[in-house]
Asker: 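Questions regarding the structure given below will be posed in turn.
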Amino acid sequence: MTKRKQNETPEQPSATGANRREFLHNGSKLAVAGAAMGTILTPGLSVARSANAAGTDTIKIGLVGCGGRGTGASIQAMNTTSGNVELVAMGDAFQNRLDQSLKQCTNNHKDKVRVPKDKQFVGFDAYENVLASDIDMVILATPPGFRPLHFESAVEAGKHVFMEKPVAVDAPGVRRVLKAGELAKQKGLAVAVGLQRRHERAYRESIAELQNGIIGDLIHSRVYWNGGGVWTRPRAEGETELQYQMKNWYYFNWLCGDHIVEQHIHNLDVANWLMDDYPVKAQGMGGRQVRTGKDSGQIFDHHAVEFTYGNGHKLLSHCRHIRNCWNSVTEHTHGSKGYADIGRGRIFDKDGNEIFKCKEGKGQRGGHQQEHHDLFADIRAGILPNEAEYGAKSTMTSIFGRLATYSGKELNWDDAINSDLSLCDVDALRSMNDEAPVKPDGDGKYPIPVPGAGYKDVIDWEPGKPKKKSNPKKKKPA
Ligand SMILES: NC(=O)c1ccc[n+]([C@@H]2O[C@H](COP(=O)([O-])OP(=O)(O)OC[C@H]3O[C@@H](n4cnc5c(N)ncnc54)[C@H](O)[C@@H]3O)[C@@H](O)[C@H]2O)c1
């Protein structure tokens, strides 16, 4: 019997509804059914074709952004069981991050990591060199501020993509990803986004039951990412301001988008998935209560937002980075006949009797591994997943929430997604000596949004009034 590798979870049915064996067995039937449903199915997909022509089953991957998640995702890609996956090129802004990642990948998959010195790239242009390498797929796992540029370039270069969430930090970035996602469809490229809950059985089964009406009409939902916060990395002697911000990317909006975007997107995406829609309105409050020092950049430490969907459904969202408080990373919904704890796969009637329980309990979910099992099985079966649209629109939902808490205004979706306010022209960055997009004041503190007061720095329209159309001819590409 084949032994499973560490970090590997059993192969579950893929998000497209069948497992690898079923795909192979039913290949032609699926192709016909898929074509009828409008799914893009390309049995002669280039990866499969070139791999077969070479007498191997190998998909070659490159990694851009060799931090914790990029390393984890590369290992998970190489763990997949539907065929061979090799890591052949790597790029990072910092040499030490690349070195650590290469070591960790090699420790996990000695026989599948083939990244010679001339395929190790460092700097802001590392992504261009990775994309110019002989790879079939790229994993994009830098901080999200770079994602629109990197994703667009990957699609232009004709590579399949696995990209981490969030996929942008501002509305121009979201629109750029939506556009590149469409181009990927035309070019026959697979696009996966690291919103792994979409690949977890407990979520998938609960959401199917809820959408089938097990608790009647859905009235309101609650989602939380309340925790203690994340790392800070001390300023090192001699480093430039840009280097400092890149190292502490979490605390700078042009790189991270604030924690409502960086983490809470997972929970907001579950609500969007459940509603099969995106909110039309948002209003909320937030601020910096305890994390106020020079080492905590620009971001808030708490946000609370009320989102409204087009059908009137209300979504209450909390995210907090404050220690010694109530912590929860969960999603709940309430209907006319009961309620659900979605991620735990448990649904109850109004009296609290359990009416549905997913067989797969918490702790066995393994979405990070499963999303790679699904992606590689799909590609090899000639099925092209394209998760760019929901990845981009759930990213926009979390940006929408941030714009609401920063401005203190009630906002509507159309104004927010059409906003031209870009947090940084990352395409122009060339070296760590470049000017940093935000600057500390004389006390070493960064500009912080003040709800109600400085909303014009946060949103580029006046809430309640129609937004003036910008002149696209005058505008630089976002
Ligand atoms: N899906 C999940 O559950 C999950 C979990 C953790 C992180 N993430 C996401 O993964 C991404 C990375 O997070 P992380 O925790 O790995 O952070 P990290 O700091 O560990 O890694 C980011 C890496 O990107 C590199 N980098 C930054 N800018 C770059 C550029 N322009 N070109 C090349 N490399 C660059 C950094 O030097 C660093 O090595 C984020 O978008 C984060 O939200 C997702």
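Counting starts at 1 for both ligands and their atoms, following the listed order. In this chain, numbering begins with 1 at the start of the sequence shown.
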Asker: What about the rings of Phe300 and Tyr406, do their centers lie closer together than 6.0 Å?
Answerer: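 Distance test on ring centres: under 6.0 Å, yes.
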
Asker: Give the ring-plane orientation class for His259 versus His321, where under 30° counts as parallel, over 60° as perpendicular and anything between as tilted.
Answerer: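 Correct class here is parallel.
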
Asker: Using distance alone, decide if ligand 1 has a nitrogen or oxygen within less than 3.5 Å of any nitrogen or oxygen in Gly68.
Answerer: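 Yes.
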
Asker: Please could you name the atoms of ligand 1 that Lys165 approaches to less than 4.0 Å, counting only its heavy atoms?
Answerer: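 That gives atoms 1 (N), 4 (C), 8 (N), 9 (C), 40 (C), 41 (O), 42 (C), 43 (O), 44 (C) of ligand 1.
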
Asker: Any idea which part of Cys66 is under 4.0 Å from ligand 1, heavy-atom wise: side chain, backbone, both or neither?
Answerer: backbone

Asker: Counting only heavy atoms, tell me which of Phe121, Phe146, Trp249 gets closest to atom 17 (O) of ligand 1.
Answerer: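 Checking each option, the heavy atom nearest atom 17 (O) of ligand 1 is found in Trp249.
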
Asker: Relative to Tyr203, does Arg198 satisfy both conditions: NZ or CZ under 6.0 angstrom from the six-membered ring centre, and within 45 degrees of the ring's axis?
Answerer: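 Because its charged atom misses either the 6.0 Å distance or the 45° angle limit, Arg198 does not stack over Tyr203.
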
Asker: If you measure every N/O of Ala93 against every N/O of ligand 1, is any gap under 3.5 Å?
Answerer: yes

Asker: Is the shortest N/O to N/O distance between His368 and ligand 1 below 3.5 Å?
Answerer: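 Right, the criterion is met.
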
Asker: Checking the side chain of Asn248 only, and the main-chain atoms of Arg233 only, is there a donor and an acceptor separated by less than 3.5 Å?
Answerer: yes

Asker: So which heavy atom in the protein is nearest atom 30 (C) of ligand 1, and how far is it from that ligand atom?
Answerer: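 Result: Thr142 CG2, 3.9 Å.
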
Asker: Which is closest to atom 18 (P) of ligand 1 in terms of heavy atoms, Arg97, Arg69, Met246?
Answerer: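 Nearest option to atom 18 (P) of ligand 1, by heavy atoms: Arg97.
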
Asker: Looking only at distances, can you tell me whether any N or O atom of Glu262, backbone or side chain, sits closer than 3.5 Å to an N or O atom of ligand 1?
Answerer: yes

Asker: Any non-hydrogen atom of Arg233 lying under 4.0 Å from ligand 1?
Answerer: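 Under 4.0 Å: yes for Arg233.
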
Asker: Which atoms of ligand 1 sit under 4.0 Å from any heavy atom of Phe94?
Answerer: 37 (O)

Asker: Looking at ligand 1, would Tyr250 count as a contact under a 4.0 Å heavy-atom criterion?
Answerer: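 Not so, Tyr250 does not reach ligand 1.
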
Asker: Does this structure show an ion pair linking Glu164 with Arg147, if we count only N-O contacts that are shorter than 4.0 Å?
Answerer: no

Asker: List every atom of ligand 1 that sits less than 4.0 Å from any heavy atom of Pro144, numbering the atoms from 1 in the order shown and giving each element.
Answerer: 41 (O)

Asker: Show, in sequence, the C-alpha distance, side-chain angles and deciding distance for Gln245 and Glu241, and conclude whether the side chain to side chain donor-acceptor pair (under 3.5 Å) test is met.
Answerer: CA-CA 6 Å; Gln245 292 186 16; Glu241 180 60 31; 2.7 Å; yes

Asker: Within a distance under 4.0 Å of any heavy atom of Gly194, pick out the atoms of ligand 1 and give their elements.
Answerer: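 Those qualifying, in numeric order: 1 (N).
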
Asker: Is a side-chain donor-acceptor pair under 3.5 Å present for Ser328 with Thr330?
Answerer: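 Yes, a side-chain donor-acceptor pair sits under 3.5 Å.
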
Asker: Could you find the nearest protein heavy atom to atom 21 (O) of ligand 1 and give me its residue, atom name and distance?
Answerer: Gly67 CA, 3.2 Å

Asker: Please classify the Ala126 to ligand 1 contact at 4.0 Å (heavy-atom distances, strictly less than): side chain, backbone, both or neither.
Answerer: neither

Asker: Tell me whether the rings of Phe146 and Phe124 are parallel (<30°), tilted (30 to 60°) or perpendicular (>60°).
Answerer: tilted

Asker: Determine whether any heavy atom of Pro166 lies closer than 4.0 Å to an atom of ligand 1.
Answerer: yes

Asker: Backbone N or O of Val155 within a donor-acceptor pair of the Lys187 side chain at under 3.5 Å?
Answerer: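 Yes: the side chain of Lys187 pairs with the backbone of Val155.
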
Asker: Any heavy atom of His266 closer to ligand 1 than 4.0 angstrom?
Answerer: yes

Asker: Provide, to 0.1 Å, the distance between atom 26 (N) of ligand 1 and the closest protein heavy atom, together with that atom's residue and name.
Answerer: Pro143 CD, 3.8 Å

Asker: Side-chain contact test, heavy atoms from C-beta onward, threshold under 4.5 Å: evaluate it for Val113 versus Glu86 and give yes or no.
Answerer: no

Asker: As an exercise, state the distance from CG of Asp277 to CG of Asn272, rounded to the nearest 0.5 Å.
Answerer: 8.0 Å

Asker: Check for me whether Arg147 has a heavy atom closer than 4.0 Å to any atom of ligand 1.
Answerer: yes

Asker: Taking the minimum heavy-atom distance to atom 25 (C) of ligand 1, which of Val230, Val193, Asp92 ranks first?
Answerer: Asp92

Asker: Pair Tyr224, Asn327 - check side chain to side chain donor-acceptor pair (under 3.5 Å), show working.
Answerer: CA-CA 8 Å; Tyr224 307 104; Asn327 289 341; over 6 Å; no

